[in-house]
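All residue numbers refer to positions in the sequence shown, counting from 1.
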Amino acid sequence: MSLTTPALAGKLAGLQSSAIRDLLKLTARDDVISLAGGLPDAALMPRERIAVAAEVALRDPAVLQYTESAGWPALREVIAARESAKIGRAVPVAEVFITHGSQQALSLLAEVLLDFGALVIVEDPAYVGALQVFRAAGARIVAVPLDGEGMRIDLLEDLLAAGERPAVVHTVSTFHNPGGVTLAPQRRRRLAELAQAHGFWVIEDDPYGELWFDAPVPAPVASYSPQVIRLSSVSKILSPALRVGWLIAPEKVCRAVELLKQGADLCGSALTQQITATLLTDTDWLATHVDSIRTTYGTRARALTTALRTTFADRLHCTDPTGGMFIWAEFLDNTDTSTLLPTALESGVAYVPGAAFAFADTTPNTLRLCFTTSDEATLAEAVARLVKAASA
Ligand code: PMP
């Protein structure tokens, strides 16, 4: 009898593992300072506070039970109140849907909003987790470049004028991953206007907005139109292990997401959602906690930019982060960062070449540096190793 190997679904053709995830495996060596991973600092995660909240939560047997697919009611209420304050309108609980991190929100939304072949507009460089989701959904993807003020909305307008009809525009509006930049207020308003005029959804993917250093961030794109679906999570302010994210969307979208969530995993964890609700409602504690993350990341970001500028002078341009976790840098002398990487690893420093985030043509001389998990002295050492590698 001949054996015929069953096939995988055709839509998986062309899907690749994230280059960054593959790279992270190589950089997890003790002798390498890794500025490659996009991880929040585990030392700043409130382990003791989480343990106390868990202890209290576990007194209620319901936290160990299945819960509603749309989320643990107490958490949905807290998120509704917090998002109402951010968006500047009363967000009803029915428009709050809790997901397994904001990544699951992206994945469920892709299924809900995209027919096969539908057009999705992303930013270039792009958040690779979004690219993976949109590719898996069989979308046609077009990228619009970023500049210092976020997505080039003028170029999006050109695409619309040329007859392109996106179903979705995806933007990491604040402290972009990987670009580090924030969408300017007038561009936020214009993007929302375009969504209304041309009938597309905007997914405002905002997991970093709380991590501002000196000044709070502009009003969300979602504050300008209900056609903007907002995504966020507690991964960067509490812990990614809670796997608590959410989307804010019109009820009909939430109801469709609910059907798919039932098929995906029935529901999230009532336990981690109750822990999250407790921590988010302890507002005095939360303010102090988030403030200390901001201060630490701000100090590290400044240390890294200062070291880069002092060491590389005119050879490298880098963004001035005002929040978030990343610096985007560009060699001005044609150094190819993919080619440089093996030498950099040998010298004991890791970063992600910009090519890993590029959608279309890329400038091969860009790189993303994450400043969250190393102290100032380690960051200075990382830059010293990088310049050694780049001068070899
Ligand atoms: N969106 C963006 C832009 C991200 O960078 C990330 C992860 N780093 C996510 C979404 C997903 O994060 P989480 O699922 O932990 O909320």
Item to check | Lys/Arg-Asp/Glu bridge criterion (N-O < 4.0 Å) met for Lys236, Asp41 | outcome: no
Item to check | same_hphob_cluster(Ile50, Ile98) at 4.5 Å side-chain heavy-atom cutoff | outcome: yes
Checklist entry - Donor-acceptor pair, Ser223 side chain versus Gly88 backbone, under 3.5 Å? => result no
Next on the checklist: How close do Arg76 and Val96 get, counting heavy atoms only, and between which atoms?
Outcome noted: NE-O, 2.9 Å
Item to check | Set of side chain to side chain contact (heavy atoms under 4.5 Å, CB included) partners for Ser69, sequence neighbours left out | outcome: Glu258, Lys261, Gln262
Next on the checklist: Determine whether a donor-acceptor pair (N or O, by modelled atom type, separation under 3.5 Å) exists between the side chain of Thr311 and the backbone of Leu308.
Outcome noted: no
Checklist entry - Are Arg230 and Asp205 within salt-bridge range, i.e. N to O under 4.0 Å? => result no
Checklist outcome for this item: Between Pro178 and Ala126, the two heavy atoms sitting closest are CD-O, 3.6 Å
Item to check | Whether Ser374 side chain and Ile33 backbone form a donor-acceptor pair below 3.5 Å | outcome: no
Item to check | CA sep, side-chain torsions, deciding dist, call: Leu304, Leu369, side-chain contact (heavy atoms from CB on, under 4.5 Å) | outcome: CA-CA 9 Å; Leu304 182 55; Leu369 300 164; 4.0 Å; yes
Checklist entry - Is it the case that Thr174 and Arg188 place a side-chain donor and acceptor less than 3.5 Å from each other? => result yes
Next on the checklist: Would you compute the distance between atom OG1 of Thr319 and atom CH2 of Trp328 and round it to the nearest 0.5 angstrom?
Outcome noted: 9.5 Å
Next on the checklist: Determine whether Ser235 and Ser233 satisfy the following criterion, side-chain hydrogen bond (donor to acceptor under 3.5 Å, both in side chains), listing intermediate values before the conclusion.
Outcome noted: CA-CA 5 Å; Ser235 295; Ser233 79; 3.3 Å; yes
Next on the checklist: Donor-acceptor check, side chain of Ser102 to backbone of Ala105, threshold 3.5 angstrom: yes or no?
Outcome noted: no
Next on the checklist: One pair to check against side-chain contact (heavy atoms from CB on, under 4.5 Å): Leu35 and Leu379. What are the steps and the verdict?
Outcome noted: CA-CA 8 Å; Leu35 310 185; Leu379 290 165; 3.7 Å; yes
Item to check | Steps toward side-chain contact (heavy atoms from CB on, under 4.5 Å) verdict (Tyr127, Phe357) | outcome: CA-CA 7 Å; Tyr127 168 49; Phe357 309 98; over 6 Å; no
Checklist entry - Is there a chain of hydrophobic side chains (I, L, V, M, F, W, Y, each step under 4.5 Å between heavy atoms) that links Val78 to Ile248? => result yes
Item to check | Donor + acceptor pair across side chains of Gln196, Ser225 (<3.5 Å) | outcome: yes
Checklist entry - Does the pair Arg255/Glu251 count as a salt bridge with the N-to-O cut at 4.0 Å? => result yes
Item to check | His289 atom NE2, neighbour heavy-atom count above 12 within 6.0 Å | outcome: yes
Next on the checklist: I'd like to know if Asp158 and Arg152 make a salt bridge, using a cut-off of under 4.0 Å between side-chain N and carboxylate O.
Outcome noted: no
Checklist entry - Do Gln274 and Trp72 get their side chains close enough for a donor-acceptor pair, meaning under 3.5 Å? => result yes
Item to check | Donor-acceptor pair between Gln103 and Ser107 side chains, under 3.5 angstrom | outcome: no
Item to check | Test log, rule side-chain hydrogen bond (donor to acceptor under 3.5 Å, both in side chains), inputs Thr171 and Glu204 | outcome: CA-CA 5 Å; Thr171 176; Glu204 179 178 30; over 6 Å; no
Next on the checklist: For Asp282 and Arg49: C-alpha separation, side-chain torsions, deciding distance, then whether salt bridge (Lys or Arg N to Asp or Glu O under 4.0 Å) applies.
Outcome noted: CA-CA 10 Å; Asp282 190 349; Arg49 190 70 190 75; 2.7 Å; yes
Checklist entry - With no hydrogens and no angle check, is any side-chain donor or acceptor of Thr288 less than 3.5 Å from a backbone partner on Asp284? => result yes
Next on the checklist: Ring centroids only, cut at 6.0 angstrom: are Phe371 and Phe326 within range, meaning strictly under it?
Outcome noted: no
Item to check | Nearest heavy atoms of Ala344 and Tyr351, plus distance in Å | outcome: CB-CE2, 3.7 Å
Checklist entry - When clusters are formed by joining ILVMFWY residues with side-chain heavy atoms under 4.5 Å apart, either directly or through shared neighbours, do Val122 and Val221 land in the same one? => result no
Checklist entry - With side chains defined as the heavy atoms from C-beta onward, is the minimum distance between Thr305 and Pro321 less than 4.5 Å? => result yes
Checklist entry - Looking only at heavy atoms, which two atoms of Ala54 and Ile275 are closest? And how far apart? => result CB-CD1, 3.7 Å
Item to check | Check: Thr337 side chain, Thr366 main-chain N or O, donor-acceptor pair, under 3.5 Å | outcome: yes
Next on the checklist: Looking at Tyr297 and Thr373, would you say the former's side chain and the latter's main chain have a donor-acceptor pair under 3.5 Å?
Outcome noted: no
Checklist entry - Is Glu210 salt-bridged to Arg294, cutoff N-O under 4.0 Å? => result yes
Checklist entry - Above 12 or not: heavy atoms from other molecules or residues under 6.0 Å from CG of Asp314? => result no
Item to check | Working for side-chain hydrogen bond (donor to acceptor under 3.5 Å, both in side chains), residues Thr67 and Gln273 | outcome: CA-CA 10 Å; Thr67 184; Gln273 292 184 27; 5.8 Å; no
Checklist entry - Looking at NE2 of His170 and CG of Leu109, how far apart are the two atoms once the value is rounded to the nearest 0.5 Å? => result 9.5 Å
Checklist entry - Between Leu119 and Glu164, does a side-chain contact (heavy atoms from CB on, under 4.5 Å) hold up when you go through it step by step? => result CA-CA 8 Å; Leu119 174 62; Glu164 291 285 21; 3.5 Å; yes
Item to check | Shortest non-hydrogen separation from Trp285 to Pro46 and the atoms involved | outcome: CZ2-CB, 3.5 Å
Checklist entry - If you round to the nearest 0.5 Å, how far is CG of Leu247 from CD1 of Ile203? => result 9.0 Å
Checklist entry - Run the side-chain hydrogen bond (donor to acceptor under 3.5 Å, both in side chains) check on Asp375 and Thr378 step by step: do they pass? => result CA-CA 5 Å; Asp375 61 24; Thr378 311; 2.5 Å; yes
Checklist entry - Could Arg89 and Glu95 be called an ion pair, given the rule that one side-chain N must be under 4.0 Å from one carboxylate O? => result yes
Checklist entry - If Ile, Leu, Val, Met, Phe, Trp and Tyr residues are connected whenever their side-chain heavy atoms lie under 4.5 Å apart, and connections chain through other members, are Val172 and Val168 in the same group? => result yes
Checklist entry - Is Leu242 reachable from Ile237 through a run of I, L, V, M, F, W or Y residues, each pair having side-chain heavy atoms under 4.5 Å apart? => result yes
Item to check | Arg243 CZ to Thr276 OG1 distance, which is reported to the nearest 0.5 Å | outcome: 11.0 Å
Checklist outcome for this item: In terms of heavy-atom contacts, Ala143 and Asp124 come closest through CB-CB, 3.6 Å
Next on the checklist: Within the 4.5 Å heavy-atom criterion, are Leu160 and Arg165 side-chain neighbours or not?
Outcome noted: yes
Checklist entry - Do side-chain atoms of Asn365 reach the backbone of Glu330 as a donor and acceptor pair under 3.5 angstrom? => result no
Next on the checklist: Tell me if a side-chain donor or acceptor on Arg385 pairs with a main-chain N or O of Gly348 at a distance below 3.5 Å.
Outcome noted: yes
Checklist entry - Between Asp206 (side chain) and Gly209 (backbone), is there a donor-acceptor pair under 3.5 Å? => result yes
Item to check | Glu83/Lys86 salt bridge by N-O under 4.0 Å criterion | outcome: no
Checklist entry - Which value, rounded to the nearest 0.5 Å, describes the distance between Asp333 atom CG and Arg315 atom CZ? => result 4.5 Å
Checklist entry - Near Arg189 CZ, under 6.0 Å, is it more than 12 heavy atoms from other residues, nucleotides or ligands? => result no
Item to check | Rounded distance (nearest 0.5 Å) linking atom CG of Leu156 with atom CZ of Arg187 | outcome: 11.0 Å
